[in-house]
Amino acid sequence: MTCRRRVRLLPLAPLLLSALVLAGCGGRDVRPDTVPDTTSWSALYKGRFTSPEGETSRFRAWVWAAPADRLHVEVFGPMGGTRLAVDGGQGMLAVSLVQDKVAYAGDVAGLPLSAVFGVSMTLEQTVSALTGAGRPPGLTVWRRDAGEGDRLPLRLHVGSGDSLLELTRLAVRDLPAERTAALGTGRPPDGMSVRPLSELLDAGGAGPVSY
């Protein structure tokens with residue numbers, strides 16, 4: 001008898017990859033209410049996701065985003081280290097399960113990413129919500145708090161249906177421009193077994209995705 005191990009992905013709450021860990025990309029950490037004098041920066045967030053069934057999960061994640069659809073997110077495990085990486089850009093998305101060395105990659109132009117983030121937003125809409133370019137349509141919950149000059153919010157609450165994703169900024173890390181070249185490409189990292197992204201997106205809607 002063989003047993004297939006099940007990997008549970010909580011939307012934005014255990015998803016990303018050591019080759020792209022922002023903590024190793026250089027730069028410096030500053031207070032969450034400080035705006036670095038650089039053209040590109042990322043932020044560490046504590047987050048909470050509430051599923052339609054009322055189950056909650058908490059996590060920490062590094063986030064980097066740039067219009068129109070460049071995105072990089074890394075979610076840390078309880079003992080540290082990146083568990084999951086999400087990287088998107090040019091209409092492409094790669095979701096990497098670091099421990100399993102498996103990446104789901106493909107075209108996501110115009111597709112809702114509720115199976116990844118738990119809230120029904122496309123890649124462009126997710127970046128728009130993070131960078132302040134505008135409120136994505138169809139959300140039932142929307143709150144974005146940001147100071148003048150902020151490139152990423154102090155707080156972001158987004159919800160669709162009965163799903164709710166809440167982010168609170170803990171620290172900011174400024175990134176030299178040369179460090180961001182490898183982010184937001186939508187390509188899976190080297191050394192991963194690549195599978196079609198459709199397997200992930202078709203696996204479920206808002207809420208946890210099981211394999």
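On a predicted model such as this, the values are computed, not experimentally measured, just so you know. Side chains included, hydrogens not; waters and symmetry mates left out as well; all remaining heavy atoms used.
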Colleague: Verify, without hydrogens or angle tests, whether Asp107 (side chain) and Ala109 (backbone) share a donor-acceptor contact under 3.5 angstrom.
Modeller: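 At least one qualifying donor-acceptor pair exists.
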Colleague: For residues Leu200 and Val194: do they belong to one hydrophobic cluster (side chain heavy atoms under 4.5 Å, members Ile, Leu, Val, Met, Phe, Trp, Tyr)?
Modeller: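 In one cluster with Leu200: Val194, no.
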Colleague: To the closest 0.5 Å, what do you measure between CZ (Arg83) and CZ (Phe59)?
Modeller: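 The CZ atom of Phe59 is 12.5 Å from CZ of Arg83, to the nearest 0.5 Å.
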Colleague: Are Leu123 and Met92 co-members of a hydrophobic cluster defined by side-chain heavy atoms under 4.5 Å apart?
Modeller: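 No, because Met92 and Leu123 fall into different hydrophobic clusters, even though each may have its own neighbours under 4.5 Å.
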Colleague: Once you round to the nearest 0.5 Å, how far does OG1 of Thr126 lie from CG of Leu93?
Modeller: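 Rounded to the nearest 0.5 Å, the OG1-CG separation comes out at 9.0 Å.
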Colleague: Would you give the length of the straight line joining atom CG of Leu197 to atom CG of Asp202, rounded to the nearest 0.5 angstrom?
Modeller: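 Here the rounded value is 9.0 Å.
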Colleague: Any side-chain to backbone donor/acceptor pair from Tyr45 onto Ala171? Under 3.5 Å, distance only.
Modeller: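 Flag not set: sc Tyr45 to bb Ala171 has no pair under 3.5 Å.
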Colleague: Testing the basics here: between Leu130 and Ala65, what is the closest heavy-atom pair and its distance to 0.1 Å?
Modeller: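 Shortest heavy-atom contact: CD1-CB, 4.1 Å.
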Colleague: Return yes if some donor-acceptor pair links the side-chain N/O of Asp69 with the main-chain N/O of Gly91 below 3.5 Å, else return no.
Modeller: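 Yes; judged by distance alone, with no hydrogens or angles, the pair exists.
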Colleague: State plainly whether one hydrophobic cluster holds both Trp41 and Leu167, where clusters connect Ile, Leu, Val, Met, Phe, Trp and Tyr through side-chain heavy atoms under 4.5 angstrom apart.
Modeller: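 Yes; tracing contacts between hydrophobic side chains, which count when under 4.5 Å, links both residues.
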Colleague: Examine distances only and state if a side-chain atom of Asp87 and a backbone atom of His72 form a donor-acceptor pair shorter than 3.5 Å.
Modeller: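 Between the backbone of His72 and the side chain of Asp87 there is no qualifying donor-acceptor contact (under 3.5 Å).
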Colleague: Would you say Thr131's side chain and Val127's backbone share a donor-acceptor pair under 3.5 angstrom?
Modeller: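 Flag set: sc Thr131 to bb Val127 pair under 3.5 Å.
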Colleague: When you measure from the side chain of Arg135 to the backbone of Leu139, do you find a donor-acceptor pair of N or O atoms at a distance under 3.5 Å?
Modeller: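 Side chain of Arg135 to backbone of Leu139: a pair is present.
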Colleague: Examine distances only and state if a side-chain atom of Thr82 and a backbone atom of Glu74 form a donor-acceptor pair shorter than 3.5 Å.
Modeller: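 Checked: no pair found.
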Colleague: Report whether Leu165 and Leu111 are members of the same hydrophobic cluster (ILVMFWY, side-chain heavy atoms less than 4.5 Å apart, transitive linking).
Modeller: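 Yes, Leu165 connects to Leu111 through the hydrophobic network.
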Colleague: If only atom types and distance count, is the side chain of Ser160 paired as donor or acceptor with the main-chain N or O of Ser120 below 3.5 Å?
Modeller: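 Here the side-chain-to-backbone pair exists.
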Colleague: Quick check against the 3.5 Å criterion: does Arg143 have a side-chain atom that pairs as donor or acceptor with the backbone of Val158?
Modeller: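 A pair under 3.5 Å: no.
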Colleague: Mind listing the closest non-hydrogen atom pair of Thr180 and Arg70 along with its distance?
Modeller: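 Where Thr180 meets Arg70 most closely, the heavy atoms are O-NH2, 3.0 Å.
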Colleague: Which heavy atom in Tyr104 sits nearest to a heavy atom in Pro196, and how many Å separate them?
Modeller: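 Closest approach of Tyr104 to Pro196: CD2-O, 3.5 Å.
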Colleague: Give a yes-or-no answer on whether the side chains of Ser51 and Glu53 include a donor-acceptor pair shorter than 3.5 Å.
Modeller: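 Yes - a donor-acceptor pair under 3.5 Å links their side chains.
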Colleague: Is the side chain of Thr50 donor-acceptor paired with the backbone N or O of Ser163 at a distance under 3.5 Å, no angle test?
Modeller: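 No; zero donor-acceptor contacts below 3.5 Å.
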